[in-house]
Amino acid sequence: MDERAKTRVTLPRENPTPSYWQDPPDDIADQRTTKDLPSHVDIIIIGSGITGAAIAWNLLKDVRPGEKGSRNIVMLEARQACSGATGRNGGHTKAASYRSFLEHASLLGTPAAVQIARLEYDNIQAIHAFAKEHNIPCDSNPCHTIDIIYDQAQWTAAHEAVAAMKVAFPEGDPVAEYTFHSPAEVQSKFHCALDAGTIAGEPQTLYGGVSYPAGSISSYAFTTGLLKLCLSRGLNLQTNTPATSLMKNRDERTWTVRTPRGNIWTKDIILATNGYTAAIAPTFQGVIVPLRGQVTAQRPGSNLSEKGCLPTTYSFIYDKGYEYMIPRPKGSRNEGDLVIGGGLVRAKEEGLGEYGTTDDTTVNEEISTYLKNTLTRYFGGGGGGGGDRNGNWGDDHPDGRIKKEWTGIMGYSPDGFPMVGAVPGENGFWMSCSFQGHGMVLCWMCATALVEMMEGRDNEELRGWFPEAFRVGFERMRKRFQGRLHTSVAVPPGPAVGGGSG
Ligand SMILES: Cc1cc2nc3c(=O)[nH]c(=O)nc-3n(C[C@H](O)[C@H](O)[C@H](O)COP(=O)(O)OP(=O)(O)OC[C@H]3O[C@@H](n4cnc5c(N)ncnc54)[C@H](O)[C@@H]3O)c2cc1C
């Protein structure tokens, strides 16, 4: 792993695998608000994923639509708009805070663990509420989720963590709302097979399930919708324009950003570059490490289709990893399709080769084979190729099971926390990066916090809800990866062992 973390991070690659969500690409995919780049601006945001878009929104939200604010803001995007992790993720708005709560509590203290869990919950609520308020057509679907657990240790840990959260949060607080389900209930209510087969000769024993509030969304549609709100308030979006280097000007206070289309002078730079950060900010080499995740969109088997759209989202958790699955909600395009990602540890050397790479132009064939065959195991019944037709899966759709398959690049920090704030030792240099596989649960609130800091409101109120552990600082920048990624934060919220978000 240490060697993989040293792999030189590159700019986003050309011709990435198109994701399910980008089919078809949004009409702003190749937007260039002005034909040429401006020579001088106030702020440059690098990256047009949910982080860049949410930062732009926070900077522009007081501007009336159709008007232009007092600051010139340019957003540079290396490829098409929202073509990084946000445009290629699983769309799970799921905190699974109980999976990291105890480790956060032992590392940072219970109040900080409570703060992080609350931020995650608030982030999910804020995204779905924003989509509703602004009528963004993104299949926003707040719903419950179920974690199906196939490992004794994980099952025991879940009970301990939920018990601790029930003590730490006031009674009835939705952040600590969890319900346990027996294997029989998992089968009857959530249609999973009691017998999940074997993996490499190991039987996958079903211990039970944990359900709680979560949701799903098309992160791509949400973010392109958000970008359009920013464009109507004066944002200058320049797609297919990578920032290739950042130069501090002689005054030590302003910057020049180089691109293949010319240079731009600016007072403030904001990195919203997530897994690609080290390509233009080399101090982050080995500090924010890319990890490739893989997702498929599949048609449910005939028996599952008969049950209508599955009302909850799912994670399937086993000893070293997990998968996560989002049924496309009722009324959405392709309703009922199952978007399932993960499978990282099923690849050679438990997916080691996926760390450090920025190559989202291909898929990992081992993960691919595993993901294509795993749903029939979880739901029971083969279908298509002559499996047990009586299982909950049934026969495959005549057009086949796999509709789309793609990869995307996440950004991991050694301690598993985002890096947000002013880059220490610099003027006018800001960042909000490194969201593990958990960005739909973190990016919105981190973007809000960053703009509070930029606008001089880094005060008690902000410290009341924004975790100290998420701030970028010299000490965190000196940490390097040793051994595997930080798993407790990443399972299943992040994908250290899954390859996306649980
Ligand atoms: C396969 C996969 C599945 C996932 N599933 C989930 C999920 O279900 N739920 C969840 O919560 N999270 C999930 N995640 C994680 C989540 O998608 C990310 O944490 C989140 O999208 C990060 O958003 P961002 O805007 O910070 O980064 P990104 O969306 O990666 O955006 C960064 C942008 O910066 C651009 N860029 C980078 N460098 C430059 C440069 N030098 N010049 C110009 N532009 C540049 C990139 O092209 C990119 O568009 C998943 C991630 C992946 C890859």
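Counting starts at 1 for both ligands and their atoms, in listed order.
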Practice item. Pick whichever of Arg13, Met431, Arg79, Met410 has a heavy atom sitting closest to atom 51 (C) of ligand 1. Key: Met410

**Study point:** Check: Tyr276 N/O within less than 3.5 Å of ligand 1 N/O
**Key:** no

Review point. Is there a donor-acceptor pair closer than 3.5 Å between any side-chain N or O of Gln285 and the backbone N or O of Thr7?
Key: yes

Exercise for review: Could you tell me whether Arg118 and Asp173 make a salt bridge, using a distance below 4.0 angstrom between a side-chain N and a carboxylate O?
Suggested key: yes

Practice item. Of the side chain and backbone of Ile409, name the one, both, or neither that has a heavy atom under 4.0 Å from an atom of ligand 1. Key: backbone

**Study point:** Arg79 side chain vs Ser83 backbone, donor-acceptor pair below 3.5 Å
**Key:** yes

Review point. Which part of Thr51 is near ligand 1, with near meaning a heavy atom under 4.0 Å away: side chain, backbone, both or neither?
Key: both

Point to revise | Pick from Glu77, Met440, Arg292: the one approaching atom 35 (C) of ligand 1 most closely through a non-hydrogen atom | key: Glu77

Review point. Does Ala272 have a heavy atom less than 4.0 Å from any atom of ligand 1?
Key: yes

Exercise for review: Could you pull out, from Ala278, Ser245, Gly87, Gly49, the option with a heavy atom nearest to atom 31 (O) of ligand 1?
Suggested key: Gly49

Check your understanding: Backbone, side chain, both or neither: what part of Ile280 comes under 4.0 angstrom of ligand 1, heavy atoms only?
Key -> side chain

Exercise for review: Report the relative orientation of the aromatic rings in Trp406 and Tyr20; use parallel for angles under 30°, tilted for 30 to 60°, perpendicular for over 60°.
Suggested key: parallel

Practice item. Decide whether an N or O pair under 3.5 Å exists between Gly90 and ligand 1. Key: yes

Exercise for review: Measure Asn89 to ligand 1 on non-hydrogen atoms and call it side chain, backbone, both or neither using the 4.0 Å cut-off.
Suggested key: both

Check your understanding: Can an N or O of Cys82 be found at a distance shorter than 3.5 Å from an N or O of ligand 1?
Key -> no

Exercise for review: Measure from atom 21 (O) of ligand 1 to every heavy atom in Thr86, Leu271, Val339 and give the option owning the shortest one.
Suggested key: Thr86

Review point. Any N or O of Pro242 that comes nearer than 3.5 Å to an N or O of ligand 1?
Key: no

Point to revise | ligand 1 atoms in contact with His92 (distance to a heavy atom under 4.0 Å) | key: 7 (C), 8 (O), 9 (N), 10 (C), 11 (O)

Review point. Which atoms of ligand 1 sit under 4.0 Å from any heavy atom of Cys443?
Key: 22 (C), 23 (O)

Revision key, fill the gap. Logged contact type for Ala85 with ligand 1, heavy-atom cut-off 4.0 Å, is both

Exercise for review: List every atom of ligand 1 that sits less than 4.0 Å from any heavy atom of Arg88, numbering the atoms from 1 in the order shown and giving each element.
Suggested key: 1 (C), 2 (C)

Practice item. Answer yes when Lys320 and Glu350 have at least one side-chain N-carboxylate O distance shorter than 4.0 Å, and no when they do not. Key: yes

Review point. Can you check whether Phe316 and Tyr378 have ring centres sitting under 6.0 Å from each other?
Key: yes

Exercise for review: In sequence, state the C-alpha distance, the side-chain angles, and the governing distance for Lys228 and Asp27, and then conclude on salt bridge (Lys or Arg N to Asp or Glu O under 4.0 Å).
Suggested key: CA-CA 10 Å; Lys228 285 174 197 164; Asp27 53 14; 3.5 Å; yes

Check your understanding: Looking at ligand 1, does Gln436 have a heavy atom less than 4.0 Å from it?
Key -> yes

Practice item. Would you please indicate yes or no on a ring centroid separation below 6.0 angstrom for His128 and Trp444? Key: no

Point to revise | Atoms of ligand 1, numbered as shown, that sit under 4.0 Å from any heavy atom of Gly84 | key: 29 (O), 30 (O), 48 (C), 49 (O)

Review point. With atoms numbered from 1 as shown, which atoms in ligand 1 lie under 4.0 angstrom from a non-hydrogen atom of Gly293?
Key: 1 (C)

Practice item. Can you sort out which atoms of ligand 1 are near Gly47, meaning under 4.0 Å from one of its heavy atoms? Key: 33 (C), 34 (O), 35 (C)

Point to revise | Residues Glu426 and Lys248 bridged, charged N to O under 4.0 Å | key: yes

Practice item. Number the atoms of ligand 1 from 1 as they appear, then name those within less than 4.0 Å of a heavy atom of Gly408, with their elements. Key: 53 (C)

Check your understanding: Considering only heavy atoms, which of Pro418, Ser19, Ala78 lies nearest to atom 45 (C) of ligand 1?
Key -> Ala78

Check your understanding: At under 4.0 Å between heavy atoms, which part of Asn274 makes contact with ligand 1: side chain, backbone, both or neither?
Key -> side chain

Practice item. Taking only heavy atoms of Phe435 into account, list the atoms of ligand 1 that are under 4.0 Å away from them. Key: 19 (O), 26 (O)

Review point. Is a salt bridge present between Asp23 and Lys403, judged by a nitrogen-to-oxygen distance below 4.0 Å?
Key: no

**Study point:** Whether Thr361 side chain and Asn15 backbone form a donor-acceptor pair below 3.5 Å
**Key:** no

**Study point:** Sidechain N-carboxylate O distance under 4.0 Å for Asp360, Arg292
**Key:** no

Exercise for review: Determine whether more than 12 heavy atoms belonging to other residues, nucleotides or ligands lie under 6.0 Å from atom NZ of Lys348.
Suggested key: no

Point to revise | Axial cation check for Tyr322 ring with Arg99, 6.0 Å and 45° limits | key: no

Practice item. Mark yes when over 12 heavy atoms from residues, nucleotides or ligands other than Glu455 sit less than 6.0 Å from its CD; otherwise mark no. Key: yes

Check your understanding: Strictly under 6.0 Å, is that where the ring centroids of Tyr314 and Phe379 end up?
Key -> yes

Study note, to complete from the structure: Going by the 4.0 angstrom heavy-atom rule, the piece of His438 near ligand 1 is backbone

Review point. Is it the side chain, the backbone, both or neither of Tyr324 that has a heavy atom closer than 4.0 Å to ligand 1?
Key: side chain

